[in-house]
Protein chains: 2
Amino acid sequence: MTGIKDVARELEMSTATVSRALRGLPGVSDETRQRVQRTAKQLGYVPSPGAAGLASGRTRTVAVVVPFVTRWFFASVVQGAEEVLREGGYDLLLYNLAGSGAARHRVFEGGRLTKRVDAVLVLSLQPTDDELTRLTALGRPVTFVGADVPGWSTVRIDDEAAACTATGHLVELGHRRIAYVGGPGELDVTAPNAREAGYRGTLRSAGLAHDPSLEVDGGFTLPGGIDAGRRLLDRPDRPTAIFAASDEMAIGVLRAARELGLRVPHDVSVVGIDDHELAGFFDLTTVAQPVVEQGRLAARLVLDALAPGAAKGGWHPAQVILPTTLLARGSTGPPPTA
Amino acid sequence: MTGIKDVARELEMSTATVSRALRGLPGVSDETRQRVQRTAKQLGYVPSPGAAGLASGRTRTVAVVVPFVTRWFFASVVQGAEEVLREGGYDLLLYNLAGSGAARHRVFEGGRLTKRVDAVLVLSLQPTDDELTRLTALGRPVTFVGADVPGWSTVRIDDEAAACTATGHLVELGHRRIAYVGGPGELDVTAPNAREAGYRGTLRSAGLAHDPSLEVDGGFTLPGGIDAGRRLLDRPDRPTAIFAASDEMAIGVLRAARELGLRVPHDVSVVGIDDHELAGFFDLTTVAQPVVEQGRLAARLVLDALAPGAAKGGWHPAQVILPTTLLARGSTGPPPTA
DNA sequence: CTGAAAGCGCTAACAT
DNA sequence: ATGTTAGCGCTTTCAG
């Protein structure tokens, strides 16, 4: 393995100069830099991130912690983050919790991240106090996506507002009996509570009664949505509209409606949140949120915090809230004129 | 940051012993090991992978190269791999090509992987000769998932056989005019060719005419499948059955059929490959392949190759071919009795 | 602008 | 069973 030393020897200069030249640091004559780069390439020199990290304390690696890689939303955020990190010269270490609380504990506990990464990106998890303590102990920039963590860098949408938009859309169409499909999901993820709050708040301000039996758990999965839809729609006093806190659940509701022979939106309206890649396919009305973009932004925040001078130069955690848009498609309409 | 040295000093022993004790190496008295572990924990010692890697030449990190993280199939394989790697004490460095040939080139070229990972997992890419040369130069175990690369470790299904199963199912149902939706997709991925070969081979052995106009490109995406479906079904001499080389495309075809007012399977039968998470939802007949399992297996192969003694102890690249199963659901049936 | 030298934190012979 | 001693390959003062 040819190293920096070989390049230095070949050029009869010090490894310090080679190192500086290769990293584009100032204080190297243009000519020297040229020569170094040329011989480095010619000798097939490849830097050793491990050694560089050991010497500098920077690993040029960022950990990304995701609840489930297989879910479209998270995979998309990862994709956005990867894009930006890679471009910034950082590697991405993936920690997939796969819905397991044990895995979650393992990642945050016991310094699995210490001395390993320069920063951490946490997706959609509402951190516990203990986790926050450990993350603080890391002493590294951390950015949360999809969670509101006061004092920390976050990138998210206003989940409550998004839920208001969705519910409000139904209210405006004239619906008065509106159900909610949400639920906690498997890990302690942020979105559910805020979305439920938005739903309830909107009902209240519209002066609509709040019927707890119209709030059911869909587990944030498609099958869960089907189940929830069946339960809601297969009753005499069924709602005229359903707001599902995620598109996957909303699609499940659509399916349940079809099974029960109900026409959408004639018999029942359905609205979701996300603008999932399949939402258009199902002609689902939804409140769209930028997904890949949240990953990109979070990665950028982290890179900013890592940039030289950020520590001294007055860098502060940033809270970015991205806008959402109501995409009125074919799954919502006025209530049946009973 | 407390290091191995601090632990050694505290215990008044050498760092070598501490290192050995902590890594569970033989040659340490049980009592010493206990003491070391206790003080290490108590001092909040956390190992530095970078330093260990520098000294040992092993990074305990595996690179996983995926064409698209956002696609269900790849995300699932990654999930399986992550699971096994994490358990084996390895970190997973994610390289997402996001369909970009440039990104692909960047990863394999210029030693982005050298000195950085102990092994590489490559998903569904058919490596070029140049890439194989570079991977060989890495001098590290490499395992391919979903590709047939003679001489290298591979985990895959028999794509040709899977396509035969799918097409054969249609033939047995009595179809004689069977279309194929496939296509190259964005990167040079392996599956397409083999599946097309399986389709053609089955037609031939069944003595059915091969009509090139019945082979259309679906780009391995859902929208591509819709397009393809429209083109195939919106013609007077439309096929009575369609085999799509992936479930996502098959679902697109289903959609196209519905748009055109065709009933499935009464007017047209559709079969896919994968058993995508939504296949059941759409009642799609498909040839199921184990997905997460391919990731797990590939990771295990890589860990085996990395295990101490593998190099000397007669370790050979392994070719694992996993079985596929026809899942006959509601999207296939006998042809219309014209 | 360039060089010398001291590590970064750990592992791996080689001793004892 | 434990200690000693070199590094691993790079970055980073500190000199010049």
Side-chain angles (χ1 to χ4, degrees), chain A residues 1-37 39-40 43-61 89 91 111 114-118 139 306 308, chain B residues 1-37 39-40 43-61 89 111 114-118 139 306 308-309 311-312:
Chain A
M1 282 292 93
T2 132
I4 208 178
K5 227 190 281 188
D6 303 295
V7 180
R9 190 181 315 119
E10 175 78 19
L11 259 46
E12 295 181 307
M13 53 173 74
S14 74
T15 61
T17 304
V18 173
S19 173
R20 283 191 279 252
L22 255 19
R23 285 181 299 152
L25 293 187
V28 182
S29 77
D30 253 23
E31 197 219 320
T32 309
R33 198 184 300 279
Q34 303 286 331
R35 287 176 53 214
V36 170
Q37 289 173 335
T39 15
L43 258 46
Y45 167 73
V46 173
S48 159
L54 188 52
S56 69
R58 280 168 259 114
T59 62
R60 299 204 70 89
T61 298
D91 276 331
T114 322
K115 297 185 184 170
R116 190 166 305 228
V117 296
D118 292 346
L306 252 22
Chain B
M1 282 294 92
T2 133
I4 208 178
K5 227 189 281 187
D6 304 295
V7 180
R9 190 181 316 119
E10 176 79 18
L11 260 47
E12 295 180 306
M13 53 172 71
S14 75
T15 61
T17 304
V18 173
S19 175
R20 285 190 279 253
L22 256 18
R23 287 181 298 152
L25 294 187
V28 182
S29 78
D30 252 24
E31 196 221 320
T32 309
R33 199 185 299 279
Q34 304 286 330
R35 288 175 54 216
V36 169
Q37 289 172 336
T39 22
L43 258 43
Y45 167 73
V46 173
S48 159
L54 189 51
S56 68
R58 280 167 261 115
T59 62
R60 300 203 69 89
T61 299
T114 324
K115 298 184 184 171
R116 190 165 306 227
V117 296
D118 292 347
L306 251 23
K312 304 104 205 210

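Since this is a predicted model, take the numbers as computed values, not measurements.
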S.K.: Base, sugar-phosphate, or nothing: which does A/Arg58 touch, judged by heavy atoms less than 4.0 Å apart?
M.R.: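 Sugar-phosphate only.
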
S.K.: Checking A/Val18 against A/Tyr45 for the side chain to side chain contact (heavy atoms under 4.5 Å, CB included) test, could you report, in this order, the C-alpha distance in whole Å, the side-chain angles of both residues, the deciding distance, and whether it holds?
M.R.: CA-CA 11 Å; A/Val18 173; A/Tyr45 167 73; over 6 Å; no

S.K.: Contact class for A/Gly3 (heavy atom, under 4.0 Å): base, sugar-phosphate, or nothing?
M.R.: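 Sugar-phosphate only.
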
S.K.: Looking at D/dC10, D/dC8, C/dA13, which one has an atom nearest to any side-chain atom of B/Leu54?
M.R.: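 Closest nucleotide among those given: D/dC8.
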
S.K.: May I have the distance from B/Met1 (atom CE) to C/dG7 (atom C1'), rounded to whole angstrom?
M.R.: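 After rounding, the gap between these two atoms is 18 Å.
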
S.K.: The side chain of B/Tyr45 lies closest to which of these nucleotides: C/dT2, C/dA13, C/dC10?
M.R.: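 So the nucleotide nearest the side chain must be C/dC10.
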
S.K.: State whether B/Arg23 places a side-chain N or O below 4.0 Å from either non-bridging phosphate oxygen (OP1 or OP2) of C/dA12.
M.R.: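 True: B/Arg23 side-chain N/O within range (under 4.0 Å) of C/dA12 OP1/OP2.
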
S.K.: Quick one: which of C/dT2, C/dA5, C/dC10 gets closest to the side chain of B/Ile4?
M.R.: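 Looking only at side-chain atoms, B/Ile4 lies closest to C/dC10.
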
S.K.: Nearest whole Å is fine: how far is D/dC8 C1' from A/Asp6 CG?
M.R.: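 A/Asp6 atom CG is separated from D/dC8 atom C1' by 13 Å.
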
S.K.: Under 4.0 Å, heavy atoms only, any strand: does A/Met13 hit a base, just the sugar-phosphate, or nothing?
M.R.: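 Answer is sugar-phosphate: A/Met13 comes under 4.0 Å of backbone atoms only.
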
S.K.: Round to the nearest Å and state the distance from B/Leu25 atom CG to C/dC10 atom P.
M.R.: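 Going from CG in B/Leu25 over to P in C/dC10 covers 15 Å.
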
S.K.: Within the structure, does a side-chain N or O atom of B/Ser19 lie under 4.0 Å from either OP1 or OP2 of C/dC10?
M.R.: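 For B/Ser19, the contact criterion (side-chain N or O under 4.0 Å from OP1 or OP2 of C/dC10) is not met.
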
S.K.: If I take atom CG in residue B/Leu22 and atom P in nucleotide D/dT2, what distance separates them, rounded to the nearest angstrom?
M.R.: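 Roughly 14 Å, once rounded to whole Å.
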
S.K.: Write down the distance between CZ (A/Arg116) and P (C/dC8), rounded to a whole number of angstrom.
M.R.: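 After rounding, the reported distance stands at 21 Å.
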
S.K.: How is A/Val46 classified with respect to the nucleic acid when contacts are heavy atoms under 4.0 Å: base, sugar-phosphate, or nothing?
M.R.: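 The answer is sugar-phosphate, as A/Val46 gets under 4.0 Å only of primed atoms, P, OP1 or OP2.
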
S.K.: A side-chain contact here means heavy atoms from C-beta on lying under 4.5 Å apart; do B/Lys115 and B/Thr59 qualify?
M.R.: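 No, their side chains stay 4.5 Å or more apart.
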
S.K.: Which listed nucleotide (D/dC8, D/dC10, C/dT2) is nearest to the side chain of B/Ala55?
M.R.: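 Of all the options, the side chain of B/Ala55 is nearest to D/dC8.
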
S.K.: To the nearest Å, give me how far apart CZ (A/Arg20) and C1' (D/dT12) are.
M.R.: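 It is 9 Å, rounded to the nearest whole Å.
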
S.K.: Taking the side chain as every heavy atom from C-beta outward, state whether B/Met13 and B/Val36 have any pair of such atoms under 4.5 Å apart.
M.R.: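 With C-beta onward as the side chain, the pair touches.
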
S.K.: Quick one: closest heavy-atom pair of B/Leu43 and B/Glu10, and the distance?
M.R.: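 Heavy-atom minimum between the residues: CD2-CB, 4.1 Å.
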
S.K.: Of the options C/dG3, C/dC10, D/dA1, whose atoms approach the side-chain atoms of B/Thr32 most closely?
M.R.: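 The listed nucleotide nearest to B/Thr32's side chain is D/dA1.
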
S.K.: Could you tell me whether the phosphate oxygens of C/dC10, OP1 or OP2, come under 4.0 Å of any side-chain nitrogen or oxygen in B/Thr15?
M.R.: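 Checking C/dC10 against B/Thr15, no side-chain N or O comes under 4.0 Å of OP1 or OP2.
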
S.K.: Is the closest side-chain heavy-atom distance between A/Pro49 and A/Arg60 below 4.5 Å?
M.R.: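 The answer is no, as the side chains (C-beta and beyond) never meet within the 4.5 Å cut-off.
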
S.K.: Between the two ends of the helix from C/dC1-D/dG16 to C/dT16-D/dA1, what is the bend in degrees, rounded to 10 degrees, where each end axis spans five pairs?
M.R.: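 So the angle between the two local helix axes works out to 30°.
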
S.K.: So B/Ala16, base contact, sugar-phosphate only, or nothing? Heavy-atom distance under 4.0 Å.
M.R.: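 Base: the residue B/Ala16, judged by heavy atoms under 4.0 Å, touches a nucleobase.
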
S.K.: Please state whether the phosphate of D/dT2, meaning OP1 or OP2, lies under 4.0 angstrom from any side-chain nitrogen or oxygen of B/Ser29.
M.R.: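 B/Ser29 to D/dT2 OP1/OP2: side-chain N or O found under 4.0 Å.
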
S.K.: Rounded to whole angstrom units, what separation is found between the CG atom of B/Leu11 and the P atom of D/dT2?
M.R.: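 Nearest whole value for this atom pair: 11 Å.
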
S.K.: Answer yes if the side chains of A/Ser29 and A/Arg33 hold a donor-acceptor pair under 3.5 Å, and no otherwise.
M.R.: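 A/Arg33 and A/Ser29 do not have a side-chain donor-acceptor pair below 3.5 Å.
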
S.K.: Does a donor on one side chain and an acceptor on the other come within less than 3.5 Å for A/Thr39 and A/Arg35?
M.R.: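 A/Arg35 and A/Thr39 do not have a side-chain donor-acceptor pair below 3.5 Å.
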
S.K.: Using a cut-off of strictly less than 4.0 Å, decide whether A/Ser14 has a side-chain nitrogen or oxygen near OP1 or OP2 of C/dG3.
M.R.: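 So the side-chain polar atoms of A/Ser14 do come within 4.0 Å of the phosphate oxygens OP1 or OP2 of C/dG3, strictly under.
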
S.K.: Can you tell me if B/Ser56 uses its side chain to pair, donor with acceptor, with the backbone of B/Ala52 under 3.5 Å?
M.R.: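 Checked: pair present.
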
S.K.: Whether the side chain of B/Arg20 engages the backbone of B/Leu25 through a donor-acceptor N/O pair (distance < 3.5 Å, no angle test) should be reported.
M.R.: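 Checking the backbone N and O of B/Leu25 against the side chain of B/Arg20, no donor-acceptor pair under 3.5 Å is found.
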
S.K.: May I have the distance from A/Glu12 (atom CD) to C/dG3 (atom P), rounded to whole angstrom?
M.R.: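 Atom-to-atom, A/Glu12 to C/dG3, this comes out as 10 Å.
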
S.K.: Taking the side chain of B/Ser56 as heavy atoms from C-beta outward, which of C/dA12, D/dG9, D/dT2 is closest to it?
M.R.: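 Nearest to the side-chain atoms of B/Ser56, counting from C-beta on, is C/dA12.
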
